[in-house]
Amino acid sequence: VGEVAVIGAGVAGLVVATELAGGHRVTVFDRVPVTGGVLGYRQPLVRELTAGATRAGVRFALGTGALRWRERQLLAAGPAGIAWSAADQVVVCTGYRPRTLAELGIAGPRLAGVLPVTAAVHLLEAGAVLGRRIAVLGGGWWARRLAELTGSHTAIVAIGDDEAAPTFAAEAWPSWQAVRLRGTDRVTGVFLEREGATELVSCDAVATAQVDMPYRNVDGALAAGTDGAWFVHPLEQTADQAAAEAGVAATTIVTEWGGH
Amino acid sequence: VRDEVLDVVVVGGGVLGTAAAARLAQAGARVALVEAEPDIAAGASKGNAGIVTAYYAPKGTLEAQLLLDSLYRWDDICERLDVPFDRCGVLTVALDDEQREALEPLAAEQRGVGLKPRILTGAEARELEPLISPDACAALFLPEEGIIDPFRLVWGYAELAAANGAEILMSNSVIGVTDNGDGTITVETPRRTVRARYLVNAAGLGSDAVSALAGGERFHDWPRKGQYWVLDRSFGAQLQTVVVPVPGKITRGVQIVPTTNGSALLGPDAADHEDPLDVAVEPAALAELLAMTSQLIPSVPEQTPIKTYAANRPASDEPVRVRRDARRPWLVHAFNRSTGVSCSPATGERVLELLREAGLECGDRDDVVDRLEPVPRLLFAEDPTALPALDPRYQQVVCACEQVTAAELAAAVESRVPARSIEGVRMRTRATGGRCQGAYCLAGVSLSCSLAAGVAPGAVGQGPRAGTIGAFGG
């Protein structure tokens, strides 16, 4: 029996924590003060999983961000202060983040009006007006959420989304790839490429929405292969799919641990 | 106070302008610093590799003298201005016999100005920096050089200037300089008119235009674009020293640089062009950077890049122009093509001397502010658990990647020369600059800026210049 820190209280973290609670002392950390992660705490599935984890003996350190892990100690910051606590193993369940411009290989100047879709959504929720014609690079849950928030006076140009024409898009460029930004102070357009052809899409904002990079931010538990650090990467899709995948991943981890 | 006559107007909020303003204000001069962009360090001062150079020009040149006069002051300056600095040394790596033979003449030049370079065998070099290529056959280690946070340095100079009474005017591009004929000049921007006795031209890539406006000498400066990769802290933490190739004819070559915030930089390359606003990154050049640096450290291509960017440094036929103007007795130039950061302390000093020669009357004040209150950083705190006792806002981590707290953010937006944009916060705190590039904290940072500046979140500046997060400034 050891101390296990599960980082991230989304569906994956909840499932993993519950699975492990039988044989270990498990604490779930999340930097926001509720469980559920990207799905939100109102989801019935999230409530059910949270209740299940609690029944299984899982402890929660919510609103407490894990920062560093070294020598089997985890540094975390939250309402109770900044403190080290014992963590023989850490399981990183912090989901995915949008790819950065560097990761997308997008050339051109670094401009105002170009935002990771996650930040764009939070800003829209805070009432900011990001643009009248937003180029969204990539599809998925966050792109749809952005479209919901922008309303009918904003046109969404969907770029590179595999769906032929997302219903929220006023214009779609499926299977085209954004290669370059245009503008001096603020973005005014995105150059696209497909099979040697180039097109320019005009816009007044860009959201990078290819949300498929594992989000890693606990120093000391960044790379696969780190002894005692485990990584789970749930896909976003629907709650059921996410739960299923997280469950599979959790089972795999538990199995691997057997021989560890 | 419209009719007040100041002593000096400094044009340019880069490293030389702020260093000069800080030194002049400490000496008791009444100073205004005017900067065209919305924040300090908007030009070459943010697009550099953050290296403190000891040797870049032959003995006897002005540049060599400014470098040496600055070199031994860094520990003291950085301690007083709360600027991260590490004299980690620079390792020049030779990969073949021809390069190896170039090391000894270089070392001799460095010894000639009083430095203590060491020639190393390949094995000794690998012991010092285990990451370098097995092809390294020799190396030159210069222990006097180091790394510095160039933004925090500019911010420190600007804060010090402001603490000693200098007025800092952002978003004020100079559009007119008039000699009033009575020992005063009038400097105009679209928003302000300032009278003074002297002008310091530290406008970087705008230096030629400012000199022309002032009726001073005519010269031509042009942009030399450099591109960079920023690599993750997981790589930066492994680097022991700055790793550079044997220098070429024009520049020092593409470098691998650990930064004071723990990440690593690859760059810069050098491409002369004519558009100072062109800071586009180009995939071909970035690929070339990777290829060149992986000759020095083979594991470079396996690392995680977190950002690419480009910046322009000012190139000129007169690479270091720190002197009085030949036409206007009240005009002093402070210009540097590449080693601006490394020369900045001595350049500030030299500007004061030149202005005194020109007739500026000021001595050192006895009520001078010569240090800034340090802001502890969670990421680098010796005992992070002690921070909440100083300020409970240390418990609230805003930027998870760079571990920047609400306390550090508050210090950035509430200072004398405050951050008013995402870029400004990033330069002062590193927030939004980490591996997720603001995916999780950019919205929160913009809310902090909007509260501090009293504007809507969408009206907060985002890019390097005047662009805002929202499309309509709201």
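So you know, we letter chains A, B, ... as the sequences are listed, proteins then strands, and number each from 1. Every heavy atom of this structure was used, including side-chain atoms; hydrogens, water molecules and symmetry mates were not.
Between Gly438(B) and Ala119(A) the shortest heavy-atom distance is O-CB, 3.9 Å. What you find for Val281(B) and Arg110(A) is that their closest heavy atoms are CG2-NH2, 3.4 Å. Ala471(B) and Gly131(A) get closest at one heavy-atom pair: CB-CA, 3.5 Å.
Between Arg435(B) and Glu103(A) no salt bridge is recorded (no basic side-chain N to carboxylate O distance below 4.0 Å).
When Pro116(A), Ala80(A), Gly108(A) are compared by the number of non-hydrogen pairs under 4.5 Å with chain B, Gly108(A) comes out ahead. The residue among Val114(A), Val218(A), Val179(A) with the most heavy atom pairs within less than 4.5 Å of chain B is Val114(A).
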**Asked** Going through the distances and angles, do Leu75(A) and Thr385(B) end up as a side-chain contact (heavy atoms from CB on, under 4.5 Å)?
**Response** CA-CA 9 Å; Leu75(A) 182 71; Thr385(B) 63; 4.3 Å; yes
**Test side-chain contact (heavy atoms from CB on, under 4.5 Å) applied to Asp185(A) and Thr468(B), step by step** = CA-CA 8 Å; Asp185(A) 280 14; Thr468(B) 54; over 6 Å; no
**Prompt:** Checking side-chain contact (heavy atoms from CB on, under 4.5 Å) for the pair Val397(B)/Arg31(A): CA distance, chi angles, key distance, verdict?
**Reply:** CA-CA 8 Å; Val397(B) 177; Arg31(A) 59 195 186 87; over 6 Å; no
**Message:** Pair Leu442(B), Leu115(A) - check side-chain contact (heavy atoms from CB on, under 4.5 Å), show working.
**Reply:** CA-CA 8 Å; Leu442(B) 193 147; Leu115(A) 297 164; 3.5 Å; yes
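At a threshold of 4.5 Å between non-hydrogen side-chain atoms, the residues Pro109(A) and Tyr309(B) do not count as touching.
Only the backbone of Leu111(A) comes within contact range of chain B, with at least one heavy atom under 4.5 Å from a heavy atom of that chain.
Judged by distance alone, the side chains of Gln437(B) and Arg97(A) never bring a donor and an acceptor atom under 3.5 Å apart.
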